[in-house]
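Structure first, commentary second.
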Amino acid sequence: MSVTRLWSKNSRVYGVQLGYSNVNGDSLRIGAPSVVLFSEKRFQLSSKLIMSPNLYTTFTDAYYDRDSKSWKNDFTFNALVGTTFSYKLSKKFVLNLGYRG
């Protein structure tokens with residue numbers, strides 16, 4: 001679950017995302033709030049194809065351990081880079097293919 005705010009200027013998009021993840025693994029059952037900051041630049045390759053390299057940073061600190069029923073702290077910072085390719089199928093539909101690493 002998340003809420004995202006985007007800003008656009010020229011061919012760049014910036015954003016902030018506030019989210020909450022629920023992990024239900026065999027050895028780990030937690031809930032963690034997070035903040036994501038991201039930026040991308042869009043390149044028009046043809047009338048229907050757009051390439052958008054992007055940069056993401058994610059921050060998570062406090063998390064709720066559902067097994068011990070307590071809040072714990074474990075600062076996590078991730079930096080991700082990726083690219084999204086968007087193909088315009090119609091005025092309302094766009095097919096996106098993206099990767100991050």
Side-chain angles (χ1 to χ4, degrees):
M1 180 172 37
S2 65
V3 175
T4 305
R5 174 68 167 111
L6 298 174
W7 293 272
S8 235
K9 187 168 182 172
N10 300 328
S11 61
R12 293 187 187 272
V13 177
Y14 304 96
V16 173
Q17 185 178 73
L18 303 175
Y20 187 84
S21 299
N22 216 8
V23 178
N24 235 354
D26 290 335
S27 62
L28 184 67
R29 294 175 356 110
I30 64 170
S34 63
V35 176
V36 178
L37 305 173
F38 59 91
S39 173
E40 73 177 30
K41 180 162 174 59
R42 296 182 177 168
F43 297 96
Q44 190 83 36
L45 301 179
S46 71
S47 62
K48 293 190 174 219
L49 184 63
I50 297 173
M51 180 181 76
S52 306
N54 28 62
L55 174 64
Y56 293 82
T57 57
T58 64
F59 306 91
T60 302
D61 185 21
Y63 67 93
Y64 183 73
D65 186 333
R66 294 190 327 243
D67 291 328
S68 69
K69 295 183 178 22
S70 65
W71 282 92
K72 298 181 179 176
N73 287 13
D74 180 17
F75 182 72
T76 301
F77 170 79
N78 294 306
L80 305 163
V81 294
T83 301
T84 302
F85 292 94
S86 303
Y87 186 78
K88 189 174 182 179
L89 298 172
S90 69
K91 281 186 174 185
K92 295 185 179 185
F93 295 100
V94 176
L95 177 65
N96 289 314
L97 173 65
Y99 71 91
R100 297 181 189 141

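With sequence neighbours excluded, no residue forms a salt bridge (Lys or Arg N to Asp or Glu O under 4.0 Å) with Asp74. Partners of Asp65 by salt bridge (Lys or Arg N to Asp or Glu O under 4.0 Å), not counting sequence neighbours, listed by chain and number: Lys72.
With rounding to the nearest 0.5 angstrom, the OG1 atom of Thr84 is 9.0 Å from the CZ atom of Arg42. Atoms CG and NZ, on Leu89 and Lys48 in that order, are 7.5 Å from each other to the nearest 0.5 Å. For the atom pair CD of Gln17 and CG of Leu37, the computed distance is 10.0 Å after rounding to the nearest 0.5 Å. With rounding to the nearest 0.5 angstrom, the CE atom of Met51 is 12.0 Å from the OG atom of Ser46. Rounded to the nearest 0.5 angstrom, Thr57 OG1 and Phe38 CZ are separated by 10.0 Å. Of the inter-residue distances, the one linking Arg5 atom CZ with Tyr14 atom OH reads 14.0 Å to the nearest 0.5 angstrom.
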The test is side chain to side chain contact (heavy atoms under 4.5 Å, CB included); show your working for Val35 and Leu18 and say whether it passes. CA-CA 5 Å; Val35 176; Leu18 303 175; 3.7 Å; yes

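In the hydrophobic clustering of this structure, Val36 does not group with Val3; members are Ile, Leu, Val, Met, Phe, Trp, Tyr whose side-chain heavy atoms approach within less than 4.5 Å, directly or through other members. Put simply, Leu97 and Phe93 are part of two different groups of oily side chains (I, L, V, M, F, W, Y) that touch within less than 4.5 Å, one to the next. When the side chains of ILVMFWY residues are joined at heavy-atom separations under 4.5 Å, either directly or via intervening members, Leu6 and Tyr56 end up in a single hydrophobic cluster. Under the 4.5 Å side-chain contact rule for hydrophobic residues, Val13 and Tyr87 do not share a cluster.
Heavy-atom contacts from other residues, nucleotides or ligands closer than 6.0 Å to CZ of Arg12 number 12 or fewer. Residue Arg29 places its CZ atom among more than 12 non-hydrogen atoms of other residues, nucleotides or ligands, all under 6.0 Å distant. Within 6.0 Å of atom CZ in Phe75, more than 12 heavy atoms from other residues, nucleotides or ligands are found, so the atom counts as buried in its surroundings.
Side chains of Asn24 and Arg66: a donor on one and an acceptor on the other come within 3.5 Å.
Smallest separation of non-hydrogen atoms from Tyr20 and Pro33: CD1-N, 3.7 Å.
Contact of the Tyr64 side chain with the Asn22 side chain is not registered, since no non-hydrogen atoms from C-beta on lie closer than 4.5 Å. Side-chain contact between Ile50 and Leu45: absent, with no pair of heavy atoms (C-beta onward) separated by less than 4.5 Å. In this structure the side chain of Pro53 reaches within 4.5 angstrom of the side chain of Phe43, judged on heavy atoms.
Each of Asn78, Asp61, Thr60 was scored for a side-chain contact (heavy atoms from CB on, under 4.5 Å) with Ser34, with one residue passing: Thr60.
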